[in-house]
Peer 1: 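This is the structure I have questions about; it appears just below.
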There are 2 protein chains.
Amino acid sequence: MERRTQQERRETTERALLTATADLVVESGLASVTLAEVGRRAGYSRGIVTHHFGSKQALVEALVTASQAGFVPGLGEIEPGLDRVLALVERYLGAVSGIGSLNRAFLVLWAESVASPDLGPVFRERDALFRADIVADLDAGRDAGQVRDDVDPAVVAAIVVAELRGLALQYLVAPDSMDPAAVGRALRDHWRVALAAP
Amino acid sequence: MERRTQQERRETTERALLTATADLVVESGLASVTLAEVGRRAGYSRGIVTHHFGSKQALVEALVTASQAGFVPGLGEIEPGLDRVLALVERYLGAVSGIGSLNRAFLVLWAESVASPDLGPVFRERDALFRADIVADLDAGRDAGQVRDDVDPAVVAAIVVAELRGLALQYLVAPDSMDPAAVGRALRDHWRVALAAP
DNA sequence: ACTTACTTGTTCGCCGACACGCAAGTTAGC
DNA sequence: GCTAACTTGCGTGTCGGCGAACAAGTAAGT
């Protein structure tokens, strides 16, 4: 090991700890993750996590933050409207098969947050933002005459969020059971027909 | 407390323990449920769960089994085909707002099973059966000319399962955010348009 | 009386956290 | 440049708490 600066040492260690935590979360859930196992998996000792993060809670918060980076890049460049919703659906599911540890952990944490007093509020807020984005696009699309007048943006947003997360989880736990990209294209076409103004 | 038979005592206690466990699971997740708390919540002592079930694992298995009773009654009376899928969608979400502790616990356990080596296989098998039922209905509908030829039953089944579970969970964690019955009707109409043969 | 439901006392393993010691990296004085 | 003093990353010993499981006792039903 050549000479590294303190900052480099710290950063590589922290990355290793977060990805080790993410892997363990995906494998067996957050509750069963122990600090000792995280350290061991990352190639360090049992005490490393406490040293870096101080507490398990701090580790989890760092993981949640790090995992929040969405896995649909370049969506901000599309202007608001129907097309952006359709692109979201297609690209989200198109990207699912290639996501890394942190993004997989995000999906698992999202599922576990359902009954977790700690994680629950964080992920509920995030879902609310997710739905709000979709609602905004649908409203914009309706103003522009792209979207039918009789669709309820809030209802559609709730359904789309349920679909994307639900399908991603299904693929995560049983990759052989589906081709997410194909499902994504089908879903995109499906929504185009249902939403587009005649 | 008047005189009860041993069988009555045992049955009422077991029901109390299972519903107490279900409530605790919904509140804070399976991992954080302790046997002592289950006993206390059910109105007994710390040791009651061990006495009745022998181990925590046995308690969980009993809860999983008890929670499996689906909350869409009367679906077996509809003959296979498109109509049954549409009825499933509508009634599933129509029933969500009125389900009891055990069914709520089922949804939570389903979410937690994503990263649980113990629960995972059980719930994955159940989802596979759920999807297979929908596929069978769509195949029957296609044979009867009700369903378009260009729909992929496996894809649609995966999407429907994702929608139903995802929407039910969204309602479970944030009841004020949506009216599940209204969403159910919207989704039913949505699928009728998408699936029905021209 | 005997069995069965239930409670209470106790043990044992596990995990998070803290404290202290060592090693690797950094900086200042020469 | 070189090295000594300091800082920071990291390992190990240990403690305290918690929770599941077993054992032994008490009360309720047969």
Peer 1: Hey, any chance B:Val151 and B:Ile159 share a hydrophobic cluster, counting ILVMFWY side chains that come within less than 4.5 Å of each other, even indirectly?
Peer 2: yes
Peer 1: Does A:Thr13 or B:Gly54 map to a spot on DNA chain D nearer the 5' end, using the closest nucleotide for each?
Peer 2: A:Thr13
Peer 1: Assign B:Val33 to base, sugar-phosphate, or nothing according to its heavy-atom contacts below 4.0 angstrom with the strands shown.
Peer 2: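 Sugar-phosphate contact only.
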Peer 1: Counting the atoms with a prime plus P, OP1 and OP2 as sugar-phosphate, which does A:Arg10 contact under 4.0 Å by heavy atoms, base, sugar-phosphate, or nothing?
Peer 2: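 Sugar-phosphate, no base atom in range.
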Peer 1: If you pin A:Ile48 and B:Gly47 to their nearest nucleotides in DNA chain D, which one's is more 5'?
Peer 2: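 The residue mapped nearer the 5' terminus is A:Ile48.
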Peer 1: Tell me every residue that passes side-chain contact (heavy atoms from CB on, under 4.5 Å) with B:Thr34, counting only those two or more places apart in sequence or in another chain.
Peer 2: B:Ala36, B:Glu37
Peer 1: C:dA17, D:dG11, C:dT7: which one has an atom nearest the side-chain heavy atoms of A:Ser45?
Peer 2: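 That would be D:dG11.
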Peer 1: For residues 168-179 of chain A, which side-chain donor-acceptor pairs fall under 3.5 Å, sequence neighbours excluded?
Peer 2:
unit_1   : atom_1 : unit_2   : atom_2 : d
A:Ser177 : OG     : A:Ala174 : O      : 2.8
A:Asp179 : OD1    : A:Ala181 : N      : 3.2

Peer 1: Between C:dC15, D:dG19, C:dT7, which nucleotide gets closest to the side-chain atoms of A:Thr34?
Peer 2: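 Side chain of A:Thr34 sits closest to C:dC15.
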Peer 1: Examine A:Phe123 together with A:Phe106 and report whether their ring centres are nearer than 6.0 Å.
Peer 2: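 Yes.
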Peer 1: Please tell me which of the listed nucleotides, C:dC6, C:dT7, D:dG9, lies nearest to the side chain of B:Arg9?
Peer 2: C:dC6
Peer 1: Which comes earlier along DNA chain C counting from the 5' end, the contact point of B:Thr12 or that of B:Arg46, where each point is its nearest nucleotide?
Peer 2: B:Thr12
